[in-house]
Amino acid sequence: MLNFFSLWHLELMLFRPNDFLALRRDVWYLDDEAYAQSFQTQHNVPPPRPEEDQRASSLVPMGTLGYSGSTFFKTSDGKFLIKSLDRHFEHQFFMHELLTPYIIHMWENPGSLLVRITDLLYVPYPTLGGLLGIEPTHHVVMEHLLYGIETDGDAARYETYDLKPDDYFFPERDIANGKLAPQSIKNRLVDQFPDRIHVSQQATEELLALLNTDTEFLADSNVVDYSLFLVRYARSGESRFDASDPFSPETSTADRRANSWRMGVVSADGQWVYRAVLLDFFWARHKLRAKAMAGLVATFNTWAGHGPMTITTEPFEYRRRFMRMVQKLVGENGVEEEHDAERSADC
């Protein structure tokens, strides 16, 4: 009864901890002690504080990111992110429908580019704070793709892009030429990568093969609206976080598939390093919220004719457009550059 009246301090429990432990140990090879240490106060956090404040300082608030309204924290060592799942239909879908297939997929595809979710936390009983929406009741812990980059400060210049197909209908952008929404809202809709991903043919083929497998899994699970989170940063040649070439002959096929695009792929000209994962696969096309939105958009389009949104389209259609977007990003860069190199060598 006392717990029910909690507004802010909600007790979180681990959901299916043994399954996540097995993934961390046997698929992703994360050390248990190092993982636990990431959630402790780091030694370089001054000055000594009371126990309660030390627990708070072990996580760094990042505010509200993205368009879903989720709040984010990162561990003080920067290795992991904690994301709230505020929307009921999202965390219910992930917990009770997608989680088991996700675990199986990760076991069968260790190199999967689906973001690695290392734990799921939830409030196991109703609370007033949760019912009123004051405090989120579900959180996922996941890898932080910027680990080792952003902590280098000005020494490491990096760019991030949250990429989705931009040929869908976005009301904030497409109604009244976007005049009804402020620019701050429109800037959060769809990122555009201003270049192409210039990597070798082998790296290109690896990326397309991994994403093809992952998006097929998501489409089979009726998921839409996921995105490709792409990071590009300047290669310093000195940082221990710079990628060595994962496509060198000395790198085993298993290690390459498991680590290449997640740890970093060097561009063909040696100037950039790319990292990529798939994010935000919590929107299920068959859930009530998605069906209601699809009905509204279909009704609106009887006279507007804008077409579906990313959250109302069919999963295999979204997958088709998503893969077409990725293919445009990589283009034929790898093939062209390798052929150019071969022609130069012949000359």
Side-chain angles (χ1 to χ4, degrees), residues 27-30 38 62 65-66 72 74-75 77-81 83 106 109-118 140-153 155-164 191-215 226-248 251 254-281 322-323 325-331 333-334:
V27 180
W28 303 326
Y29 303 109
L30 299 179
S38 292
M62 302 176 67
L65 305 177
F72 287 79
K74 65 179 178 180
T75 55
D77 63 2
K79 290 183 179 180
F80 299 97
L81 294 177
K83 174 185 178 180
M106 287 304 199
N109 302 275
S112 169
L113 288 182
L114 297 180
V115 68
R116 290 174 176 174
I117 296 176
T118 57
V140 289
V141 182
M142 56 189 183
E143 62 183 322
H144 188 202
L145 206 62
L146 294 179
Y147 172 62
I149 304 174
E150 62 177 1
T151 54
D152 286 346
R157 182 165 51 94
Y158 68 92
E159 306 163 3
T160 62
Y161 301 91
D162 196 356
L163 301 171
K164 298 179 183 180
D191 287 345
Q192 292 185 342
F193 188 58
D195 196 359
R196 288 194 175 185
I197 300 176
H198 299 279
V199 292
S200 68
Q201 180 184 5
Q202 191 172 4
T204 298
E205 292 174 352
E206 194 76 56
L207 177 66
L208 293 175
L210 290 169
L211 291 179
N212 188 62
T213 300
D214 288 336
T215 55
Y226 46 87
S227 60
L228 178 70
F229 186 66
L230 178 68
V231 178
R232 180 175 72 168
Y233 62 96
R235 189 185 187 198
S236 67
E238 299 175 357
S239 171
R240 66 187 179 93
F241 296 105
D242 274 351
S244 57
D245 184 4
F247 295 95
S248 67
T251 306
D255 288 342
R256 184 177 71 238
R257 290 188 63 87
N259 296 309
S260 58
W261 281 95
R262 175 168 275 105
M263 297 302 297
V265 173
V266 181
S267 63
D269 60 7
Q271 300 300 309
W272 296 95
V273 179
Y274 301 98
R275 294 180 181 179
V277 291
L278 280 171
L279 289 178
D280 295 334
F281 36 83
F322 184 89
M323 290 303 299
M325 174 196 74
V326 176
Q327 288 164 355
K328 288 181 179 179
L329 284 174
V330 294
N333 291 322

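Keep in mind the model is a prediction, meaning the values are calculated, not measured.
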**Student:** If we only count heavy atoms from C-beta on, is the Arg232 to Ile197 side-chain gap below 4.5 Å?
**Tutor:**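 Arg232 does not reach Ile197 side chain to side chain.
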**Student:** Donor-acceptor pair, distance only, cut-off 3.5 Å: does the side chain of Trp261 make one with the backbone of Gly111?
**Tutor:** no
**Student:** For Ser227 and Asp162, indicate whether the former's side chain and the latter's backbone hold a donor-acceptor pair under 3.5 Å.
**Tutor:** no
**Student:** Can you name the closest pair of heavy atoms from Ser267 and Val199 and give their distance?
**Tutor:**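 So the minimum-distance heavy-atom pair works out to CA-CG1, 4.3 Å.
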**Student:** Report the C-alpha distance between Val273 and Ile149 in whole Å, list the side-chain angles of each, state the deciding distance to 0.1 Å, and finish with yes or no for side-chain contact (heavy atoms from CB on, under 4.5 Å).
**Tutor:** CA-CA 11 Å; Val273 179; Ile149 304 174; over 6 Å; no
**Student:** Ignoring hydrogens and geometry, is there a side-chain-to-backbone donor-acceptor pair from Arg235 to Trp272 under 3.5 Å?
**Tutor:**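 A pair under 3.5 Å: no.
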**Student:** Working to the nearest 0.5 Å, report the span between CG of Leu230 and OG1 of Thr160.
**Tutor:** 9.0 Å
**Student:** CZ of Phe80 to CZ of Arg116: how many Å apart, nearest 0.5 Å?
**Tutor:**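 Answer for the CZ-CZ pair, Phe80 versus Arg116, is 10.0 Å.
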**Student:** Any sub-3.5 Å donor-acceptor pair from Arg262's side-chain atoms to Ser112's backbone N or O?
**Tutor:** yes
**Student:** Quick one: closest heavy-atom pair of Asp214 and Leu114, and the distance?
**Tutor:**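 So the minimum-distance heavy-atom pair works out to OD2-N, 3.5 Å.
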**Student:** Testing the basics here: between Tyr274 and Arg196, what is the closest heavy-atom pair and its distance to 0.1 Å?
**Tutor:**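 In terms of heavy atoms, the two residues are closest at OH-O, 3.7 Å.
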**Student:** Looking at side-chain heavy atoms only, is the closest gap between Asp280 and Lys83 below 4.5 Å?
**Tutor:**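 Yes, their side chains come closer than 4.5 Å.
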**Student:** Supply the atom-to-atom distance Trp28 CH2 to Met106 CE, rounded to the nearest 0.5 angstrom.
**Tutor:**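 Between Trp28 CH2 and Met106 CE, I get 5.0 Å after rounding to 0.5 Å.
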**Student:** Supply the atom-to-atom distance Leu81 CG to His144 NE2, rounded to the nearest 0.5 angstrom.
**Tutor:** 4.5 Å
**Student:** Heavy-atom distance under 4.5 Å between the side chains of Thr118 and Glu143, does that happen here?
**Tutor:** no
**Student:** Is any side-chain heavy atom of Leu228 less than 4.5 Å from a side-chain heavy atom of Leu211?
**Tutor:** yes
**Student:** Closest heavy-atom contact between Thr215 and Phe322?
**Tutor:** CG2-CD2, 3.9 Å
**Student:** Please report the shortest heavy-atom distance between Ser38 and Thr75, naming the atom on each side.
**Tutor:**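 Nearest pair, atom of Ser38 first, then Thr75: O-CB, 3.2 Å.
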**Student:** Using side-chain heavy atoms (C-beta onward) and a distance below 4.5 Å, is Lys74 in contact with Tyr147?
**Tutor:**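 Of all side-chain heavy-atom pairs linking Tyr147 with Lys74, none is under 4.5 Å.
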**Student:** Does one side chain, of Glu205 or Gln201, offer a donor that lies under 3.5 Å from an acceptor on the other?
**Tutor:** yes
**Student:** Which atom names give the shortest non-hydrogen contact between Asp195 and Leu329, and what distance separates them?
**Tutor:**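 Distance-wise, the nearest heavy atoms are O-CD2, 4.4 Å.
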**Student:** Out of curiosity, Asn109 CG to Thr213 OG1, how far, rounded to the nearest 0.5 Å?
**Tutor:**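 Reported value, rounded in 0.5 Å steps: 6.0 Å.
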**Student:** Suppose we screen for ring-ring contact (aromatic ring centres under 6.0 Å, His included). Which residues come up paired with Tyr161, at least two apart in sequence or across chains?
**Tutor:** Phe193
